[in-house]
Amino acid sequence: MKTSVWIAATIAASLVAGCKKDKTGPEPGATVITASGIDTGGIAIDRVDAVPYPYASSAPIASAPFVSGGFSLTLPAWIDDAFLYPASDDLPDQITLSDPQARWAYDIRFDAYAGNVFKGHIVLGKFSGNVTAHWFYADRKFSATGATSSKTYDYRLEKGWNCYAETNDVMNDVNTYSSTIPDGVSWRFETPD
């Protein structure tokens, strides 16, 4: 009798354990950013933190070890409201927002550390073409389109994490912001200015 009760309890425990969610993968809505082939120029780095700019003094929203010239970092499915502000606050009046109530967290930076010592930033871009990729979080689906004399905007954002390209045309002093990332971007390490 005791043996059959123990077997039944073991089977029941196994069934319950099998029904739990797999905690090894990212949560739904999270975004995994994987970088490789990063040359640090001999500077030792052991960690990369994702920090919302301009909140550089805040705690990172994600961290990952820097191993063999790369990292794999998971941005959470959502971020605290304290980091969100109206997209209209950051855009010129000439830009059309599909939803004027839309909010975002602008420009997540990837800070590189050795222990607790800041060593620089890790950036995705096409450096011969003056293209830099940036990540930000949108609280809803919206677009921001239009142009000024020196900037063109073509954001087509989904709720959650988005990546966009900033292209700086130095010759004509024009910046273009687009949700389309061009081919040929790569990761690189930049020391602080």
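No hydrogens, no waters, no symmetry mates; every other heavy atom, side chains included, goes into these values.
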If we ignore hydrogens and angles and just use 3.5 Å, is the side chain of T152 paired with the main-chain N or O of A147 as donor and acceptor? no
Where at least one partner belongs to residues 142-153, residue pairs that pass salt bridge (charged side-chain N to carboxylate O under 4.0 Å, His left out), sequence neighbours excluded: none
For Q101, side chain to side chain donor-acceptor pair (under 3.5 Å) partners two or more places apart: none
Can you list everything that forms a ring-ring contact (aromatic ring centres under 6.0 Å, His included) with W161? Sequence neighbours excluded, please. Y137
Pairs in or reaching into residues 91-106: which pass salt bridge (charged side-chain N to carboxylate O under 4.0 Å, His left out), with residues at least two apart or in two chains? D81-R103, D99-R140, R103-D139
Salt bridge (charged side-chain N to carboxylate O under 4.0 Å, His left out) partners for D169, two or more places apart: none
Apply side-chain contact (heavy atoms from CB on, under 4.5 Å) to T74 and T31, showing your working. CA-CA 6 Å; T74 303; T31 297; over 6 Å; no
At what distance, to the nearest 0.5 angstrom, does CZ of F142 lie from CD of E158? 11.0 Å
Going by the side chain to side chain donor-acceptor pair (under 3.5 Å) test, which pairs reach into residues 116-125, not counting sequence neighbours? D111-H121
Test your reading of the model: is there a side-chain donor-acceptor pair from S98 to the backbone of S143, 3.5 Å cut-off? yes
Ring geometry between Y155 and Y177 (parallel below 30°, tilted from 30 to 60°, perpendicular above 60°): tilted
Once side-chain contact (heavy atoms from CB on, under 4.5 Å) is applied, do any residues pair with D173, and if so which ones, sequence neighbours excluded? none
With Y164 via side chain to side chain donor-acceptor pair (under 3.5 Å) - residues at least two apart: Y106
Between D89 (side chain only) and Y85 (backbone N and O only), is there a donor and an acceptor less than 3.5 Å apart? no
Roughly how far apart are T34 OG1 and F71 CZ, rounded to 0.5 Å? 8.0 Å
How would you list all residue pairs meeting salt bridge (charged side-chain N to carboxylate O under 4.0 Å, His left out) that involve residues 40-51, not counting sequence neighbours? R47-D49
Do W187 and V185 share a hydrophobic cluster (ILVMFWY, side-chain heavy atoms under 4.5 Å, transitive)? yes
List for me each residue that meets salt bridge (charged side-chain N to carboxylate O under 4.0 Å, His left out) alongside E166, sequence neighbours excluded, and say none if there are none. none
Can you list the steps and then say if D90 with W104 is a side-chain contact (heavy atoms from CB on, under 4.5 Å)? CA-CA 10 Å; D90 198 45; W104 61 11; 3.9 Å; yes
With a 4.5 Å cut-off on side-chain heavy-atom distances among I, L, V, M, F, W and Y, is there a chain of contacts connecting I122 to V67? no
Any residue meeting ring-ring contact (aromatic ring centres under 6.0 Å, His included) with F189, in chain and number order, not counting sequence neighbours: none
Among the clusters formed by ILVMFWY side chains lying less than 4.5 Å apart, do L124 and V131 turn up in the same one? no
Which heavy atom of P182 sits nearest a heavy atom of A165, and at what distance? CD-CB, 3.8 Å
Using atom types as modelled, flag every donor-acceptor pair under 3.5 Å from a side chain in residues 35-42 to any protein atom, sequence neighbours excluded.
| unit_1 | atom_1 | unit_2 | atom_2 | d |
| --- | --- | --- | --- | --- |
| D39 | OD1 | G41 | N | 2.8 |
| T40 | OG1 | I43 | O | 2.8 |

